[in-house]
Amino acid sequence: MPGVTTAEGPPRVVIAGAGFAGLTALHELRSAPMRVTLVDRNSYSTFQPLLYQVATAGLTSADVAYPAWTAVRKAGATFRKGEITGIDMAGRRVELGDGTSLGYDYLILAMGVSAAFFGVPGAAEHCLSLYTRRDATILRDALMAALDELSAETVRRGLSVTIVGGGATGVELAGTVAELRNIALPASFPAVDRSRVQVRLVEMGDALLAPFRPALREYARRELERRGVEVSLRSAIKEVRAGEVILDSGAALASDITVWAAGVAVAERVGKLGLPAGPGGRLRTGQDLRVLGEDAIFVAGDLALIEGQPLPQLAQPSIQQGRHAAEQIRRLYAGKPTRPFRYRDKGIMATIGHRSAVVQLPRGVRMRGTLAWLAWLGLHLIELLGGRNRITAFVNLAWRYLTWSRGGGVIVGDDPPRGDR
Ligand SMILES: Cc1cc2nc3c(=O)[nH]c(=O)nc-3n(C[C@H](O)[C@H](O)[C@H](O)COP(=O)(O)OP(=O)(O)OC[C@H]3O[C@@H](n4cnc5c(N)ncnc54)[C@H](O)[C@@H]3O)c2cc1C
């Protein structure tokens, strides 16, 4: 629809999702002569890469959230809080959970993905996950309450934490929970005998951190084991029950807290939008990021599956796609043809724990250890949106790493409601 101007004025662009992709698209359209509306079910954007720090009591949940209102004000756009439940493609309207709808001339779908349990019996009922701020605080409160219980003199049992999935989320969580036990426990929970707290990481593949080079994968495994994490490779979880996990070998292992970090899929609701979907429910797009067969609907971020160019579900592809989708809308509006999306690989990184991370950059550049950890930390603090967030996250992380052996660096949570563990 080149140069479209509706009866009411300039074209309406709806951006669905205030994550990496949605906010980048919003920023890219800041000076465009268009009426841009950002829609999200939350009134904030979540910085997922630091959720594991919230879950392990190093950051507050406010440190990883950026208000959607601030983002739209800076971009000259408007914000609508609501859950997208449907799209009326013929009438060009997105439908919201409260029964209202929003008209669009161009639509960018950037609603991300969520935890997928792949039908493993009991996983959805008995596992915690780490995808939202709420997930992170639930996990933190479960961990802290379990340690409190363990401190009570009358209790003589141990605490087993199982993390399922050896990707970046599983590795960083296992490493930090182990450090919480090794470093923070003696000072913060002196009554707890460290040897009674067990941290286990279960991965069905041959190695941890699959997208990395073998030497870095091996380094990550060694670093976790050095921290006392029991790493089980080539081991799948067959079932999760209250208080235990069952491996495919049939072995039953005690597990008081089981965290599912083994995969993601598109939310069921998004799958019902009636758009062409591929593996994991990701929406299939052409090279210009428009949904196959649609001329005004773009997809960006974790949700997008580009024909012939499947990309990992990470922040960089999401940012670059968000920017590209917005640029194509500008081009269409100017009467120009769209351009294909080209991903620029800027490298990948993952952290294992304090002073331990792996970095893999283009042209064979690799780093590990303290330097990689400082690079990881610096980049994540820079990428974190908002001046206040950056400062509080920096202070809280510095406080954690400087003081946790002396009883600092553990943010107090609330007791979870009964049944949350
Ligand atoms: C724990 C964790 C750690 C990670 N660590 C890293 C890392 O270190 N490096 C890295 O590159 N990547 C990392 N990732 C992946 C990275 O965070 C994602 O690839 C990225 O967030 C995807 O961006 P997105 O914009 O597609 O979606 P998201 O950032 O997930 O944003 C989607 C937005 O859509 C909203 N939404 C969803 N459904 C609806 C609906 N129906 N209606 C309205 N709004 C909706 C959500 O509230 C959310 O705000 C991590 C992910 C997790 C979970």
Side-chain angles (χ1 to χ4, degrees), residues 14-26 37-56 64-68 71 79-87 94-98 102 108-116 128-136 139 163 165 167-173 176 209 211 259-264 266-273 282-283 299-305 311-323 325 345-352 357-359 376-377 379-380 383-385:
V14 172
I15 301 173
F20 284 102
L23 288 192
T24 309
L26 179 75
T37 305
L38 177 70
V39 184
D40 200 290
R41 60 186 173 196
N42 299 314
S43 52
Y44 53 81
S45 178
T46 305
F47 190 76
Q48 290 174 337
L50 285 173
L51 279 178
Y52 80 98
Q53 283 287 354
V54 178
T56 55
V64 296
Y66 184 70
F79 175 65
R80 177 76 172 270
K81 183 174 172 180
E83 175 129 29
I84 308 256
T85 51
I87 305 175
V94 286
E95 292 152 4
L96 304 180
D98 61 3
L102 279 174
I108 300 178
L109 297 176
M111 285 104 82
V113 288
S114 51
L128 300 183
S129 50
L130 189 59
Y131 226 82
T132 63
R133 291 200 317 162
R134 185 168 155 69
D135 292 341
L139 177 51
I163 294 149
T169 302
V171 166
E172 62 201 16
L173 190 61
T176 313
L209 299 180
V259 186
W260 192 266
V264 292
V266 167
E268 209 183 322
R269 179 158 278 169
V270 178
K272 290 182 181 155
L273 291 178
R282 292 167 85 181
L283 301 183
V299 189
D302 281 0
L303 193 55
L305 185 65
L311 289 170
Q313 288 161 300
L314 291 171
Q316 261 309 315
S318 303
I319 290 169
Q320 293 183 29
Q321 288 168 26
R323 184 176 305 125
D345 182 11
K346 294 189 175 179
I348 47 176
M349 35 173 71
T351 184
I352 298 140
V358 286
V359 174
W376 188 95
L377 202 58
L379 186 83
H380 282 74
E383 278 183 351
L384 196 63
L385 290 168

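As the structure lists them, so they are numbered: ligands from 1, and atoms in each ligand from 1. Just so it is clear, the structure is predicted and the values come from calculations on it, not from any experiment. All values below were derived from every heavy atom in this structure, side-chain atoms included, with hydrogens, water molecules and symmetry-related copies excluded.
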Would you sort out whether T46 and L51 count as a side-chain contact (heavy atoms from CB on, under 4.5 Å), showing the intermediate values?
CA-CA 9 Å; T46 305; L51 279 178; 4.0 Å; yes

I'd like to know whether L109 forms a side-chain contact (heavy atoms from CB on, under 4.5 Å) with V270, so could you lay out the CA-CA distance, the side-chain angles of the two residues, the decisive distance to 0.1 Å, and finally the verdict.
CA-CA 10 Å; L109 297 176; V270 178; over 6 Å; no

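Note that CE of M349 and CD of Q316 are 10.5 Å apart. Values are rounded to the nearest 0.5 Å.
Contact check for Q313 versus R282: side-chain heavy atoms found under the 4.5 Å cut-off. Side-chain contact between F20 and L314: absent, with no pair of heavy atoms (C-beta onward) separated by less than 4.5 Å. Contact of the V39 side chain with the V14 side chain is registered, since non-hydrogen atoms from C-beta on lie closer than 4.5 Å.
Annotation: ligand 1 has protein neighbours G17, A18, G19, F20, A21, D40, R41, N42, Q48, P49, G82, E83, I84, A110, M111, G112, L130, Y131, T169, E172, G301, D302, Q313, L314, A315, S318, H380, each with a heavy atom less than 4.0 angstrom from the ligand.
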